[in-house]
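In what follows, a single structure is set out as structure tokens and then discussed.
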Amino acid sequence: QKEVEQDPGPLSVPEGAIVSLNCTYSNSAFQYFMWYRQYSRKGPELLMYTYSSGNKEDGRFTAQVDKSSKYISLFIRDSQPSDSATYLCAMSAGYSSASKIIFGSGTRLSIRP
Amino acid sequence: GAVVSQHPSRVICKSGTSVKIECRSLDFQATTMFWYRQFPKQSLMLMATSNEGSKATYEQGVEKDKFLINHASLTLSTLTVTSAHPEDSSFYICSAEPGQGVNEQFFGPGTRLTVL
């Protein structure tokens, strides 16, 4: 069983729709949860990170963590074609270089104009 | 700020040759740099962690004699794939961590390696 599971998609939605991206994980030691966006043939860029359970909002993006269910989500409101990319969830037990980041396989998202 | 560059962006080489990939932090000093490999439609897999001036720490299953990592300065790390074979073809991505309270990894744009 992989430590982090993520549906690879692809997911295609019309512009303006609310997008929900999800990951599940098995390691209860994970404390820090991140979402990265990766455009084609580019390196990932950090979108959001959260610590422990709860919600965090940043503009059109909301990250949600449910540690009891080992389930994290990223919601994108008012989706735009420029949001089309691969979204990677990632998590670690600590927030330092000593704690390895484990990435999901990524979900390919396409926003149709 | 916090820009990481990689060179080359893509490289094609013959089987048996060695390839060097550079990773530079352009506007900050990176106490720690990481090298990842990403196969198509798969997640990033950490290969090794390197700290400036010390030997790299390799993940289980990664051959240190095949993937040579040098972190000679606070702004430059290199990955050399020695005696490359077609199965080494992949997308190699580095990241750099400033340290000093900023424990966030900034990723480079990646290097596409194709071994014929």
Side-chain angles (χ1 to χ4, degrees), chain A residues 1-11 21-27 30-51 56 58 63 72 85-110, chain B residues 2-10 21 23-25 30-52 54 56-60 62 71 77 90-114:
Chain A
Q1 183 189 8
K2 291 181 182 178
E3 281 190 284
V4 180
E5 297 276 2
Q6 184 174 11
D7 187 337
L11 179 63
L21 304 168
N22 312 293
C23 287
T24 58
Y25 63 95
S26 57
N27 189 343
F30 289 143
Q31 298 274 7
Y32 292 89
F33 304 91
M34 293 148 276
W35 285 96
Y36 287 83
R37 178 174 61 196
Q38 185 176 22
Y39 292 111
S40 181
R41 300 177 185 177
K42 300 289 185 184
E45 58 175 319
L46 180 65
L47 276 178
M48 299 185 71
Y49 78 88
T50 53
Y51 171 68
K56 185 174 182 178
D58 184 0
I72 69 170
T86 295
Y87 289 80
L88 301 150
C89 65
M91 44 201 81
S92 70
Y95 197 51
S96 75
S97 57
S99 297
K100 189 166 64 173
I101 297 177
I102 307 298
F103 288 85
S105 56
T107 299
R108 279 196 300 144
L109 172 66
S110 175
Chain B
V3 177
V4 176
S5 70
Q6 274 184 250
H7 178 79
S9 58
R10 59 191 318 169
I21 302 170
C23 176
R24 292 182 186 273
S25 56
T31 55
T32 306
M33 288 184 166
F34 305 84
W35 286 96
Y36 293 84
R37 182 165 51 184
Q38 186 178 33
F39 291 107
K41 299 183 181 180
Q42 294 189 27
S43 60
L44 277 75
M45 299 299 294
L46 180 65
M47 299 175 66
T49 302
S50 73
N51 291 292
E52 183 264 341
S54 60
T57 302
Y58 290 81
E59 294 300 303
Q60 191 174 14
V62 177
H71 193 161
S77 176
S90 187
F91 194 49
Y92 291 86
I93 305 176
C94 72
S95 69
E97 185 180 276
Q100 298 185 359
V102 183
N103 292 325
E104 177 181 336
Q105 293 185 32
F106 298 94
F107 285 84
T111 296
R112 173 78 57 191
L113 170 63
T114 302

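Since we're looking at a predicted model, the values are computed, not measured. Below, read A as the first sequence line, B as the second, and so on, with proteins coming before strands; counting in each chain starts at 1.
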Identify which of Lys2(A), Lys42(A), Arg108(A), Glu45(A) forms the greatest number of heavy-atom pairs closer than 4.5 Å to chain B.
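Maximum pair count with chain B is reached by Lys42(A).
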Item to complete: Pick whichever of Ser105(A), Gly104(A), Ala90(A) has the most heavy-atom pairs under 4.5 Å with chain B.
Response: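 Of the candidates given, the most pairs with chain B belong to Ser105(A).
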For residues [X] and [Y], determine if any side-chain heavy atom of one lies less than 4.5 Å from a side-chain heavy atom of the other.
X	Y	answer
Ser95(B)	Ile101(A)	no
Leu44(B)	Leu88(A)	yes
Met45(B)	Ile102(A)	no
Val4(A)	Ser43(B)	no

Correct closest heavy-atom pair for Gln38(A) and Phe91(B) would be NE2-CE2, 3.9 Å
Checklist entry - Among Arg10(B), Gln38(B), Arg112(B), which residue forms the greatest number of heavy-atom pairs with chain A at distances under 4.5 Å? => result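 Heavy-atom pairs under 4.5 Å are most numerous for Gln38(B).
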Open item on the list: Does Lys56(A) have more than 12 heavy atoms from other residues, nucleotides or ligands lying within 6.0 Å of its NZ?
Closed with: yes
Is it the side chain or the backbone of [X] that comes within 4.5 Å of chain B heavy atoms, both, or neither?
X	value
Gln6(A)	neither
Pro8(A)	neither
Tyr36(A)	side chain

Value for CG (Leu46(A)) from CZ (Phe107(B)), rounded to nearest 0.5 Å, stands at 8.5 Å
Turns out that what part of Glu59(B) lies under 4.5 Å from chain A's heavy atoms comes down to side chain
